[in-house]
Protein chains: 2
Amino acid sequence: MNYKIKSRIWIEADNNILLGEGRVRLLKAIEKTGSLSKAAKSLNISYKKAWNLVDSVNKSAKKPVTKSNIGGVGGGGAKLTSYGKDLVIFFDEINKGCWKYLDQELEKIPDL
Amino acid sequence: MNYKIKSRIWIEADNNILLGEGRVRLLKAIEKTGSLSKAAKSLNISYKKAWNLVDSVNKSAKKPVTKSNIGGVGGGGAKLTSYGKDLVIFFDEINKGCWKYLDQELEKIPDL
DNA sequence: CGTCGTTATATCCATACGAATATAACGATA
DNA sequence: TATCGTTATATTCGTATGGATATAACGACG
């Protein structure tokens, strides 16, 4: 029986969630696919859920995180702003650092 | 608009959760009140939920975390084993350290 | 100007989760 | 042996969350 320590981190702006693991995963998928609907499909979540998440992210952020186009060739699409890309990078770094810290701490407990 | 970073950590044993924030809160309440039902009341959770949590903790742990007595004067009660007390202390320390780490990291982001 | 695939939005429904409730078993004590 | 408050357990019910579905608006392009 091997114990693992896990975590979820998120950033809040007065009770609204700005970023969490799911939101960052979605932002990455948008960056990769260039479309919210394709991003949702690739993550196996409903378009509705994806749309709500992105909407919430943008409402919580000081500057736009995504930029979307409706209509046009291909129907439109969505992509990250450079601010959005920075947020993803920051979040990932903090998250990885957190995992590392926690693993170190768990090691210190001898007789768990 | 002030951003805060939050976290939840938990310890798993092959897909079963051993400890999380809620479980630790409950264990502390058991320690304080000497009874599972009183602990549940003090935390405003149902007895059922509390019982399920404690049951899950004990099933995931290598050694008993709580010790309960049925019947007798006062009807019985529950308390932590010394192993259980140790777990609570370990968890709290790691959790506090995690918060500290995350707050430090968030500070480093200048233009969030 | 018709086509196309996307964004944006509303509505309905199933499912899971917790709250509430009920009750049996228990054992120290008076 | 009757009492008491607790542990342990099952069952029912309401609600909230997400999934599925439908549809309007949009704009670049052939």
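Throughout, protein chains are lettered first and strands after them, A, B, ... in sequence-line order, and every chain is numbered starting at 1. This is a predicted model, so every value here is computed, not measured.
- Contacts between residues 32-39 of chain B and DNA chain D, counted as heavy-atom distances below 4.0 Å, involve B/S35, B/L36, B/S37, B/K38.
- In this structure, B/K48 atom NZ and D/dC13 atom C1' are separated by 11 Å, rounded to whole Å.
- Using a 4.5 Å cut-off on side-chain heavy atoms (C-beta onward), B/Y101 and B/K96 make no contact.
- Contact annotation: A/S68 reaches the phosphate of C/dA8 (side-chain N/O to OP1 or OP2, under 4.0 Å).
- Ionic pairing of A/E31 and A/K79 is not present here: no N-O contact between side-chain nitrogen and carboxylate oxygen is shorter than 4.0 angstrom.
- Looking at A/K4 and A/D103, no side-chain N of the basic residue comes within less than 4.0 Å of a carboxylate O on the acidic one, giving no salt bridge.
- Side chain of A/I70, nearest nucleotide from C/dT11, D/dC26, C/dT29: D/dC26.
- Listed candidates were C/dA28, C/dT9, D/dT6. Nearest to the side chain of A/W51 is C/dT9.
- Computed from coordinates, the A/N58 CG to C/dA8 C1' distance equals 13 Å when rounded to whole Å.
- Rounded to an integer number of Å, the gap from CD1 of B/I30 to P of D/dA8 is 10 Å.
- One interatomic measurement links the two molecules: CG of B/N69 to P of D/dT7, which rounds to 10 Å at whole-angstrom precision.
- Both A/N44 and B/A78 lie close to DNA chain D; mapped to their nearest nucleotides by heavy-atom distance, the more 5′-ward contact belongs to B/A78.
- As a whole-Å value, the separation of A/L53 CG from C/dT7 C1' is 16 Å.
- One side chain, A/S35 or A/S37, offers a donor N or O that lies under 3.5 Å from an acceptor on the other.
- Mapping A/S46 and A/G74 onto DNA chain D via the closest heavy atom, the residue that lands nearer the 5' end is A/S46.
- The interatomic distance linking A/Y47 (OH) with D/dT21 (P) rounds to 17 Å, in whole Å.
- With rounding to whole Å, B/K67 atom NZ is found 13 Å from D/dT6 atom C1'.
- B/A78 approaches B/I30 most closely through the heavy-atom pair O-CG2, 3.6 Å.
- Paired with A/L53 under the rule side-chain contact (heavy atoms from CB on, under 4.5 Å), one option of A/L26, A/L36, A/I17 passes, and it is A/L26.
- By the 4.5 Å heavy-atom criterion applied to side chains, B/I109 and A/I94 are counted as neighbours.
- Two end axes, each from the C1' atoms of five base pairs, can be drawn for the helix from C/dC1-D/dG30 to C/dA30-D/dT1; they diverge by 0°, to 10 degrees.
- Among the candidates A/I11, A/I89, A/V88, the single residue satisfying the side-chain contact (heavy atoms from CB on, under 4.5 Å) test with A/V24 is A/V88.
- Residue B/K41 contributes atom NZ, which lies 6 Å from atom P of D/dT6 at whole-angstrom precision.
- Side-chain contact between B/L87 and B/L19 is present, with heavy atoms from C-beta onward closer than 4.5 Å.
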